[in-house]
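Have a look at the structure below before the remarks.
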Amino acid sequence: SFTKELNERTRDLCIRRLKSEVLPDLPPKTRTFIPVHLSKKDRSPYDILQEEWDRRIEEAYINGEKLPAGTMLNMINELRHTCGRVKVDYAVDWITQYREQTGKPIVVFTHHRDVLRRIADNFNNVQIISGDVSSKNRQQIVDDFQAGHVDVLVCNTIAAKEGITLTRADTVLFIEREWVPTDEEQAEDRVYRIGQESQHVHAVYLSVAGTIDEHFDRVVEQKRAVVKSVLDGGDVEQRKG
């Protein structure tokens, strides 16, 4: 609640260096949120699930029953998963258009394994990095991508957010959000690091209007603002001091 005070109290104990300060040659990075407006038919699996959860909660309220622990979290996670599934076709179209218009490779991040595989199944020159890919195979996939042998790389965000360099691409696309903004930022920075030769880096997030996506957008961005306020508070000269 008192982020300015917290930043001042920790300034003598914590040294924070922004990437833009220590790597001034890196290009700017832009984070973009694209609203997705699906047809009633395309989003019907999500709407049906939302109605089912609403019914369960309303019945418990009417009957004076206490909701089991974790009910709301289970609802949010299930809705997020279904939202990821209904975005697949739109995401595939977006990736296809991006590839046709730019000719550039792209890195795609998802949370759920079935969403990842459904995206990958729509492309020919594609590779996957998920939690069940061995470290040896993962490095081979990264090397193939960097060498120009792979055009679309679809990754699980948590499995691929650290320790790999994908600077051949300058754009990452997120199909599903994570709870923690730093997980997403680490994933973005697979392409935003030494070796990036593009003039601009883009992180694109697909968000279905009127769904749990909007809730995640608010929550995650609020968390990001708090973290930034606590850790990055003060101007450059203050941080140098």
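What you see is a predicted model; the values in this text were computed from it and never measured.
- The 12-atom threshold is not exceeded at CD of Q199, counting heavy atoms of other residues, nucleotides or ligands nearer than 6.0 Å.
- D143 and Q139 share a donor-acceptor pair across their side chains, judged by distance under 3.5 Å alone.
- The hydrophobic cluster containing V201 does not contain I95, counting ILVMFWY residues as joined when their side-chain heavy atoms lie under 4.5 angstrom apart, directly or transitively.
- At a threshold of 4.5 Å between side-chain heavy atoms, the hydrophobic network of Ile, Leu, Val, Met, Phe, Trp and Tyr places V230 and W179 in two separate groups.
- Sparse packing is recorded around CD1 of I194, with 12 or fewer heavy atoms of other residues, nucleotides or ligands lying under 6.0 Å away.
- Ionic pairing of E176 and K87 is not present here: no N-O contact between side-chain nitrogen and carboxylate oxygen is shorter than 4.0 angstrom.
- Remark: Y205 OH to I175 CD1 distance equals 11.5 Å, nearest 0.5 Å.
- The distance from atom OH of Y192 to atom NZ of K19, rounded to the nearest 0.5 Å, is 7.0 Å.
- Between the side chain of R190 and the backbone N or O of K161 there is at least one donor-acceptor pair closer than 3.5 Å.
- Looking only at atom types and distance, the side chain of R113 has no donor-acceptor partner in the side chain of S130 under 3.5 Å away.
- The one candidate from D183, D217, D213 that meets the salt bridge (Lys or Arg N to Asp or Glu O under 4.0 Å) condition with R177 is D217.
- The environment of NZ in K228 is sparse: at most 12 heavy-atom neighbours from other residues, nucleotides or ligands sit within 6.0 Å.
- Summarising the geometry, atom CG belonging to N7 is positioned 9.0 Å from atom SG belonging to C14; distances are rounded to the nearest 0.5 Å.
- Looking at E8 and K4, a side-chain N of the basic residue comes within less than 4.0 Å of a carboxylate O on the acidic one, giving a salt bridge.
- Across all non-hydrogen atoms, the minimal contact from G131 to A159 is N-CB, 3.6 Å.
- In terms of modelled atom types and a separation under 3.5 Å, the side chain of E178 and the main chain of I158 share no donor-acceptor contact.
- Ion pairing between a basic and an acidic side chain is recognised when a charged N comes within 4.0 Å of a carboxylate O; R56 and E59 show no such pairing.
- Using a 4.5 Å heavy-atom cutoff, the side chains of E58 and I62 are in contact.
- R193 CZ to T167 OG1: the interatomic distance, rounded to the nearest 0.5 Å, is 8.0 Å.
- Looking only at side-chain heavy atoms (C-beta outward), V86 and D42 stay at 4.5 Å or farther from each other.
- One hydrophobic cluster holds both V220 and L73 under the rule that ILVMFWY side chains link at heavy-atom gaps under 4.5 Å.
- None of D89, I106, V36 except one satisfies the side chain to side chain contact (heavy atoms under 4.5 Å, CB included) rule with W94; the exception is I106.
- By the 4.5 Å heavy-atom criterion applied to side chains, H149 and Q127 are not counted as neighbours.
- Between atom CG of residue L79 and atom OG1 of residue T211 there is a gap of 8.5 Å, rounded to the nearest 0.5 Å.
- Within 6.0 Å of OH on Y61 lie no more than 12 heavy atoms contributed by other residues, nucleotides or ligands.
- Here the side chain of Q196 pairs no donor or acceptor atom with the backbone of R168 at under 3.5 angstrom.
- Hydrophobic cluster membership differs between I76 and I48, with clusters built from Ile, Leu, Val, Met, Phe, Trp and Tyr side chains linked at under 4.5 angstrom.
- With I129 as the fixed residue, the side chain to side chain contact (heavy atoms under 4.5 Å, CB included) test singles out one of N156, L153, V107, V154: L153.
- Using a 4.0 Å cut-off between charged side-chain N and carboxylate O, K40 and D47 make no salt bridge.
- With salt bridges taken as basic N to acidic carboxylate O contacts below 4.0 Å, one links R55 and E52.
- Between V227 and R224 the shortest side-chain heavy-atom distance does not fall below 4.5 Å.
- Of the charged side-chain nitrogens involved, at least one lies within less than 4.0 Å of a carboxylate oxygen, so that R31 and E188 count as a salt-bridged pair.
- There is no path of hydrophobic side-chain contacts, each under 4.5 Å, that joins F109 to V126.
- To the nearest 0.5 angstrom, K104 atom NZ is 3.5 Å from D170 atom CG.
- Of the possible polar contacts, none joining the R85 side chain to the D114 backbone as a donor-acceptor pair under 3.5 Å is found.
- A donor and an acceptor atom, one from each side chain of T30 and H200, are located under 3.5 Å apart.
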